[in-house]
Every structure is written in C-alpha cells, then in structure tokens.
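Reading through the structure tokens given below for one structure.
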2 protein chains.
Amino acid sequence: VHRIALDVMGGDGAPRAPIEGALAAMSEAASGLEILLVGDPAAIANVLPDPPHPGLRVVPATETIAMGEAPAHAVRRKKDSSIVVGLGLQRDGEVDAFISAGSTGAVMAASLLILKRLPGVDRPAIGAVFPTAGSPTLVLDSGANMNVRPGHLRQFAHLGSIYIADLMGIERPRVGLLNVGMEEAKGDELAVAAFELLRSDEALNLVGNVEGHQIIEGVCDVLVCGGFVGNVLLKFYESIAGFVLKLLHGESHAGQNDTDLERVFRVLDYAEYGGAPLLGVNGVSIVCHGSSSPRAIKNAIGVAVRALESGLIGDMAHDLASLHAVEVKP
Amino acid sequence: VHRIALDVMGGDGAPRAPIEGALAAMSEAASGLEILLVGDPAAIANVLPDPPHPGLRVVPATETIAMGEAPAHAVRRKKDSSIVVGLGLQRDGEVDAFISAGSTGAVMAASLLILKRLPGVDRPAIGAVFPTAGSPTLVLDSGANMNVRPGHLRQFAHLGSIYIADLMGIERPRVGLLNVGMEEAKGDELAVAAFELLRSDEALNLVGNVEGHQIIEGVCDVLVCGGFVGNVLLKFYESIAGFVLKLLHGESHAGQNDTDLERVFRVLDYAEYGGAPLLGVNGVSIVCHGSSSPRAIKNAIGVAVRALESGLIGDMAHDLASLHAVEVKP
C-alpha cells in the first residue's frame, strides 16, 4: 500500500482542486493507494461531505501558510499548518510521500527541517520538468539554492539522473550542463569548474554543455544549473507558454484539424507533468504549481506513486553516500 | 550625412542577406545615408554587379572570421577581416557606426580593441531587445560578461536607460533587476547587492526586482542581469519563438482572420528589432543574429541611424563619466 499525504490547503484552487485531483487519482488507481487529505476539516467537508472512497482519509490541520509568508519563520511558527502536519506524517512513517501546491519556499524549508537531507547531499534541489519537442528535461536546481558551488552541481546531476532512471525507466540519462556555449571552458566561473567535475565523473552520462536554445530540442534528460538561472528560466518558460496558449485558445475551439496547434499545446502544457520533486531530502516531497488543476494534482500523485514503486529514495541514498565517500578520500 | 559600415561577410545568408538589407535601407532612407559594404569584392559583385545607388560603396576586406574561431585570437590575427576593417573605418572617422551578423564574440572583441571603452565603463554589455506583450524590453547583459559584480549591473542600468531614452524617446525608462522574487533581499549574492546599489541611485527609475514570468508582460524598459543568465534567456526565448512560429506557420497561410495568431507572430518576431547594440564602447557597434533576414539587417541600419541622430554615444559618455566621478569620490 502506498500512502500519500496531500496538502489540500495549498494553491489558488484550494481546497477544491487538490481534493478533485485526489478523487481522480483514486478512481484511476488500482487498489493499494491511500491518500490522506491534510487541512481544515470544515473546508474539506464543504467539498466532500462524506469521503466517497475508503482510501481517502482526512487529517486535520488548523493552520495554513500563505504564499507571502517568510518560509523558515512560518514553518517554525505554524506547527499545525497543513504543510508541517503533512510532512510530519511522513517523518512518523504514517505516509511515504507528501504533495503540496502551496508555497514552494515553505514546502522546501519544512522538508529540510522535518525530513532532513539524505547523507551525502549538501543542497537538496528542486527538479522542474521542462516540456520539450522531444522527451521532457528535468532542470535542477529550479530555485532552491541561490549560491551554488561546482560540487553542488555534481550532486544535482546524480540526483537528477537517479530520478529520471527510476521514474522514466531511462537507463543512463543524458546529463547536460546549462551554459552559454558548446565548447568547454565556456561560461562563468561556476560552469567552467562544474564542467570539469562532471566530465571526470564516470558514473554520469554527460552530453556536455547545453545552450539556451537547445533546451527546447530535448537534447538531455537532466539539465543542471544554479537555482537562480533555473528559477528564472522556469518562470519565463511557464509565462511564454501561458501567453501563447491564451492567444491560441480561441483557435483551438474553431473545430479545425489543428494537429500542429495540438502539438504546441501538448508541448507547452505543464499540467501534464504534475509537480516538481524536491530531490535530496530523505523522503518524497513534491511541489505543485500554485495554479495546479485537478489533473495536475492527479499527475503529481502518479509521480509520487512511481517514486515509491521504484525505490527512488533508497537508490538516491545509496548513490549519494558512495559519491560522498569518494569525495572525502584523502 | 550618416555613414555606416556593414559587414557583408557575416551571418548565414552572407553576402546576399546583408546586401539586400542595405539596398532596402537605402531605398527607404531620405538622402544623407551612406553605407559602406565591407567584404570580399568578388562576392559582393556576384550579388550586386554595379552599385545601384551612389550612397553604396564597397570597401574590400580579404578575410572572414568564422563563427567557430576563438574571437580574441581571430581579431588579432585577421587584420584584413571584414569585422576588423569595418570597425577600423569607424575608429578612423570614415564611418560613424558598424553592423555585423557575424560572430558575436569577434565583434565584441574587435569593438573593445578598436573602439575602446567609454570612460567610466568597466564592462561593455550586449543589449538584446526582448519582444513582450507590451513595449519591448532591453535585456543587458545578454552575453558579453560572464562574471559580473554589482557595480557592473549599475553601469548596465545606466547604459540601457540612455539607450532606451535616446532611441525610443522614453523619458525615464523603467529599470528592473532580474531576480527570483519581488521582495528585496531575494536572489543570489549578486542580485542582493545590486538591488541596494540600484535603489540608492536616484538617477535610475528602478521598478524593483523582476521575476522570470514578468518579462513577457513588459514590466520594464531595461532589465539588468549578468551575461550568463541573460545569454541563456535570450537563446531560450529565440528558440521557443522559433518553435512556436514553425508549428504555426501552416496555420498562418490558411487565410483565416487570425488576429490572435498575428499577435503571437508580431510578439515573437525578433527581426522587427534588428540587432543588439554593444553598449559602453566608444562608438556604435551592432550585432545581428546569424540568421538575420534582409529585413532584420534593414532594421539594424535603422537602429544605427537613430543612435547617430540622437547623439547616443555623447550622452553615454557624459552620463557614465559623471557616474564614475561619483564612485571615486573619497
């Protein structure tokens, strides 16, 4: 049985969107899935008078962390918030995964505090799935770490590779380093030093430097970068996709046979990928976009189930611990 | 009379695309424009058997710097390349501006070497025009400087503000700092320190931090950032625009009344803006995209003319020298 805690108080559509996402996931799932809806019982009862499925349970949490609150402070102060309660369920072994469409910063801070880091991981990172013209690319870090060192990028490459291998079934995921040119020795100080580290690590399948315009081509499965540029790219991509889709929206209803337009839609539709995992903590913690639809939440639940079925956290612990052992050799 | 040197050997469509761009510019220009076509006379004669306009002249250059060459080395070695010859014409007062669709790195290196920096400018920057849903945004640095310090971002803000004021006629251009959050104290070490510097500079019209998703909204006229993230963003934007436009291409010929589609096209069409100025050198040096069409070249010539008419370089020299004087006060 896979048990997942879902923060139903997070996101623009809360609590309805997360609850509807959970219902959709339960109706599609084989038996063996339990979802604990964490939040204000009255608000939940408003949407869901009686839990319609024995696999759904309500776990009360009386507080909510708002989007604007300072994450670390809010997490320490609001012990009965849906984020802190939900992650506490995972720490205590009541569930195996946590999903929230609430404040990314708060989920990150609470995950670090409550789940802790995996041994060998200095900086957990957010992995955001970028749709591309080919297979999707996991970009990390997408915003957890502002000031990173080359060794952190190497850890991101390992975390991302294991994630893609376990969840997508890709045996040796292609790793790219985000950079301003293809040639080695290109880039800022971070990229130049990181390229050397990544290249000399035989456990990684490095394809080399990846320039901005290559991302959309899907030239790698894992793209590593610092959290500043990753976050800017992610938000920029989402906004362009949203802009184009909004303008095309009328067209798509015109009833014509728009296979090309459909392709644009499919490529730019983030909901397909359902949330960004926080990689490097000792547990499964998935952050969904604040504007997540029920479908996006349902897909995030699917991601969590695949993470649990594949033994993601055990695989990461094993790989990163051995990486660390190599690094501290005299 | 405005005299402009155009490198006709640079870019994928050379020499035909630059030459056709020059012809288009001449046919639209009022009298008082002279364009010196710099390149291989035989290749030029192939496209243009006889200069069809007294304002067009050919200046021979026997060498070409290819896209893959190491810029600094190529510029020092190839004294008779179209880039070095064209910029030499500006240094010697034969022309007032230089335009090339060749190697950005080589144009940059040659501009620094031949035109030199303006007093008070530590790091000239590439300003790339990002189309937005509102008015376009000048993003700088878009790739000239990999490792920048907060003071450089302040200089970029001044250079960009003067450029937008002079070329667009916007009196107090809105300046944004690219960042991962709206609140102050957000971002990496560079952004945190730069925010303070920008805020305390009363000559700048700072609107604050600008997140990735706000760029497309056109919330500022000038967006400052380091050259690494700027370059990644620029190439990423171009590639998404190209991807969407390619998929929509068939649709646009369907003859329907596609005002929304047309709007997508207009927003995403880089050719409209015709090239990125290298700001902070003592002269006008404009880099065009390697795939520039004749229309993009024509528009770049228009940008150069507006820069000359507005007295851009004099305005920058005046502003940056006084900025520097303030900075070196005891």
Side-chain angles (χ1 to χ4, degrees), chain A residues 68 70 105 130 132-133 142-143 145-148 178-183 186-192 210-217 225-244 246-251 254 256 258-264 267-268, chain B residues 68 70 105 130 132-133 142-143 145-148 178-183 186-192 210-217 225-244 246-251 254 256 258-264 267-268:
Chain A
F130 277 42
T132 78
S142 286
N145 304 286
M146 288 301 108
N147 302 299
V148 302
L178 186 64
N179 211 330
V180 300
M182 302 277 285
E183 310 85 356
K186 277 277 179 181
D188 57 8
E189 288 162 3
L190 173 67
V192 170
V210 170
E211 295 185 68
H213 59 88
Q214 298 178 289
I215 300 171
I216 187 84
E217 299 165 17
C225 60
F228 186 90
V229 58
N231 183 269
V232 166
L233 262 188
L234 171 64
K235 289 176 179 166
F236 187 57
Y237 194 12
E238 289 176 343
S239 71
I240 300 181
F243 174 74
V244 172
K246 200 176 79 184
L247 291 184
L248 294 181
H249 191 63
E251 306 298 324
Q256 61 221 68
D258 283 342
T259 55
D260 281 349
L261 280 183
E262 280 164 15
R263 182 139 181 260
V264 175
V267 167
L268 298 182
Chain B
F130 277 41
T132 78
S142 285
N145 305 286
M146 288 301 107
N147 302 298
V148 302
L178 185 64
N179 211 330
V180 300
M182 301 278 286
E183 310 85 355
K186 278 276 180 181
D188 56 8
E189 288 163 2
L190 173 67
V192 171
V210 170
E211 295 186 67
H213 59 88
Q214 298 178 290
I215 300 172
I216 188 83
E217 299 165 16
C225 59
F228 186 91
V229 59
N231 183 268
V232 166
L233 262 188
L234 172 64
K235 289 176 178 166
F236 187 57
Y237 194 13
E238 288 177 343
S239 70
I240 301 179
F243 174 74
V244 172
K246 201 177 80 186
L247 291 183
L248 293 182
H249 191 62
E251 306 298 325
Q256 61 220 71
D258 282 341
T259 55
D260 281 350
L261 281 183
E262 278 165 15
R263 180 136 183 262
V264 175
V267 168
L268 298 182

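Here is how names work: the chains are called A, B, and so on, in the same order as the sequence lines, proteins then strands, and each is numbered from 1.
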Exercise. Identify the residue among B:H213, B:Q214, B:E211 that makes a side chain to side chain donor-acceptor pair (under 3.5 Å) with A:K235.
Key: B:E211
Closest heavy-atom pair and its distance - [X], [Y]:
X: A:G212; Y: B:S239; result: O-OG, 4.1 Å
X: B:F228; Y: A:V229; result: CE2-CG1, 4.4 Å
X: A:N179; Y: B:V232; result: O-CG2, 4.0 Å

Quiz prompt | Whether B:F236 and A:F236 hold their rings parallel, tilted or perpendicular, with breakpoints at 30° and 60° | solution = tilted
Quiz prompt | From A:E238 atom CD to B:I216 atom CD1, the distance as rounded to the nearest 0.5 Å | solution = 13.5 Å
Exercise. Counting only heavy atoms closer than 4.5 Å, note whether A:N145 contacts chain B via side chain, backbone, both or neither.
Key: neither
Quiz item: For A:E217, does the CD atom have more than 12 heavy-atom neighbours from other residues, nucleotides or ligands under 6.0 Å away?
Solution: yes
